[in-house]
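Structure first, then comments.
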Amino acid sequence: MIRLNGNNIDIGSFPDGTMLIKQDIPKEDKITIEWFYENDRETLAVMYLAEHLKAHGCDNVHLYMPYIPNARQDRVKTNEDVFTLKYFANLINSLGFGTVTVLDPHSSVSEALINNIIIEKPVKYIERAIEKIREAEGEIPSMFYPDEGAGKRYSGMISLPYAFGIKKRDWKTGQILGLDVAGDIDSIAGKNILIVDDICSRGGTFYHSAKKLRELGARNIYLHITHCENSIFDGEVLTSGLIKKVFTTNSILTGEHEMIEKVEL
């Protein structure tokens, strides 16, 4: 979904499938393109729209892009790996936005590659989830981060006891086989737990995290994900019975589920 100063942009097609966009020039001095990523076709639409605005003399154009497309491809290991994040960032930079505002980027590589970037931390959304759990359970939950990187990132934002996971993988397939737990393990048994991370696809990491937490005596387990892909509906997070509720934003999630509570950005 793409909006221009709060108004939805209608992206049509010519008979050959190429894009058809009609857009008046806003009268406001500051123009903001809001992009809630759904597919790669929108990348071209953002480019066309930005170029259209520049062609009509608009020089104060900003991009609000809470989720960074291609964020996972933030490194290359072989000559066969296409560095899509870098090339995507090159495209965004070429459009000359005054600022590019993102929410909870997946890695520091994204931050380094995008010019004029403004990074929003997800603190208020995590704190909202904590308060919702306190209201439901009568106490503040302990925190769990699925890996050490997430632990370092979020423990600096949220001052609550926490433990973190150490994933066990099959490095040939990338499949998660399970995980060990480190940190404040005493904060798990008999406690409600909030798992926090930035991106969820099918949710295998969170399924294994919840499974381990339950083995360690956790009571109700909740999950907060800043960017939740629609592929969560294909995994075990919502069907295993291990996780009570998922908190997320509408940065990329378009589907609905009774277990998912979504904040509109």
Side-chain angles (χ1 to χ4, degrees), residues 1-26 28 30-56 58-74 82-107 109-111 113-120 122 125 198-202 225-234 248-257 260 262-265:
M1 179 181 67
I2 301 171
R3 296 195 298 238
L4 188 65
N5 282 12
N7 299 310
N8 288 348
I9 299 298
D10 183 29
I11 303 173
S13 297
F14 286 102
D16 64 356
T18 53
M19 223 172 286
L20 171 61
I21 306 174
K22 293 182 178 291
Q23 180 57 52
D24 293 332
I25 303 302
E28 297 90 343
K30 180 179 178 180
I31 299 174
T32 300
I33 298 173
E34 298 171 273
W35 182 14
F36 296 84
Y37 177 84
E38 293 184 26
N39 55 63
D40 278 348
R41 189 170 187 256
E42 294 174 335
T43 306
L44 274 178
V46 168
M47 182 187 75
Y48 291 150
L49 193 57
E51 294 287 7
H52 173 67
L53 294 169
K54 284 196 294 183
H56 287 79
C58 302
D59 56 6
N60 189 18
V61 182
H62 302 259
L63 178 63
Y64 177 64
M65 178 179 64
Y67 173 74
I68 302 175
N70 305 291
R72 285 194 176 89
Q73 189 65 9
D74 58 1
V82 178
F83 200 173
T84 51
L85 175 60
K86 179 180 179 180
Y87 308 138
F88 171 78
N90 288 346
L91 172 61
I92 294 299
N93 293 340
S94 73
L95 299 175
F97 292 110
T99 58
V100 179
T101 302
V102 303
L103 172 64
D104 198 9
H106 183 58
S107 76
V109 178
S110 305
E111 302 172 25
L113 290 174
I114 297 174
N115 295 341
N116 303 324
I117 192 167
I118 295 175
I119 298 167
E120 290 186 347
Y125 305 113
D198 62 329
I199 299 178
C200 174
S201 52
R202 289 175 60 90
I225 295 296
T226 307
H227 310 291
C228 187
E229 300 175 10
N230 287 306
S231 53
I232 190 174
F233 301 114
D234 301 324
T248 189
T249 73
N250 69 326
S251 62
I252 51 175
L253 184 69
T254 58
E256 305 287 341
H257 191 279
I260 298 177
K262 185 168 52 175
V263 173
E264 301 291 319
L265 298 174

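Small disclaimer: the values here were computed from a predicted structure and weren't measured. In this chain, numbering begins with 1 at the start of the sequence shown.
A donor-acceptor pair shorter than 3.5 Å cannot be found between the side chains of Asp74 and Ser110.
Annotation for Lys262 and Gly255: closest pair NZ-O, 3.3 Å, computed over non-hydrogen atoms. Among all heavy-atom pairs drawn from Ala45 and Ile11, the shortest one is CB-CD1, 3.6 Å. The two atoms that bring Gly12 and Arg41 nearest to each other are O-NH2, 3.3 Å, heavy atoms only.
The CD atom of Gln23 sits 9.5 Å away from the CD1 atom of Ile33 when rounded to the nearest 0.5 Å. The OG atom of Ser201 sits 11.5 Å away from atom CG of Asn230, with the distance rounded to the nearest 0.5 Å. For the atom pair His227 NE2 and Asn250 CG, the distance stands at 11.0 Å (nearest 0.5 Å). Atom CD of Gln73 is separated from atom OH of Tyr87 by 10.0 Å, given to the nearest 0.5 angstrom. Here the CZ atom belonging to Phe36 is positioned 10.0 Å from the CG atom belonging to Asn8, to the nearest 0.5 angstrom. Between the CD atom in Glu38 and the OG1 atom in Thr254 there is a gap of 5.5 Å [rounded to 0.5 Å].
Annotation: Asp24, atom CG; neighbour count of heavy atoms from other residues, nucleotides and ligands within 6.0 Å does not exceed 12. By the neighbour-count criterion of 12 heavy atoms within 6.0 Å, atom NZ of Lys86 is sparsely surrounded, having that number or fewer from other residues, nucleotides or ligands.
Contact annotation: the side chain of Tyr125 approaches that of Leu265 to within less than 4.5 Å [non-hydrogen atoms, C-beta and beyond]. Between Ile31 and Asn60, the closest side-chain pair of non-hydrogen atoms is not below 4.5 Å. Between Phe233 and Leu253 the shortest side-chain heavy-atom distance falls below 4.5 Å.
Residues satisfying the side-chain contact (heavy atoms from CB on, under 4.5 Å) criterion with Ile25, sequence neighbours excluded, are His52, Leu53, His56, Cys58. Shown here are the side-chain contact (heavy atoms from CB on, under 4.5 Å) partners of Glu28, two or more places apart in sequence or in another chain: Asn5, Pro26. With sequence neighbours excluded, no residue forms a salt bridge (charged side-chain N to carboxylate O under 4.0 Å, His left out) with Glu42. Every side chain to side chain donor-acceptor pair (under 3.5 Å) that Thr226 has, sequence neighbours left out, goes to Asp104. For Arg202, the salt bridge (charged side-chain N to carboxylate O under 4.0 Å, His left out) test picks out no residue, with sequence neighbours left out. Here Tyr64 pairs with nothing under the side chain to side chain donor-acceptor pair (under 3.5 Å) rule; sequence neighbours left out. Judged as a side-chain contact (heavy atoms from CB on, under 4.5 Å), and not counting sequence neighbours, the contacts of Asp16 are Phe14, Thr18. Under the side-chain contact (heavy atoms from CB on, under 4.5 Å) criterion, Asn70 pairs with Thr84, Leu85, Phe88, sequence neighbours left out. Not a single ring-ring contact (aromatic ring centres under 6.0 Å, His included) links His257 to another residue, sequence neighbours left out. Under the side chain to side chain donor-acceptor pair (under 3.5 Å) criterion, Glu34 pairs with Arg3, not counting sequence neighbours.
A side-chain contact (heavy atoms from CB on, under 4.5 Å) with Ile68 is found for exactly one of Ile199, Ile92, Ile114, Val109, namely Ile114.
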Pair up each side-chain donor or acceptor in residues 93-101 with any protein partner under 3.5 Å, not counting sequence neighbours, and list the distances.
unit_1	atom_1	unit_2	atom_2	d
Asn93	OD1	Asn115	N	2.8
Asn93	ND2	Ala89	O	3.2
Asn93	ND2	Leu113	O	2.9
Ser94	OG	Leu91	O	2.6
Thr99	OG1	His62	ND1	2.7

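Contacts classified as salt bridge (Lys or Arg N to Asp or Glu O under 4.0 Å) and involving residues 43-54 (residues at least two apart or in different chains) are given here: Glu51-Lys54.
Between the side chain of Thr248 and the main chain of Ile225, a donor-acceptor pair closer than 3.5 Å is present.
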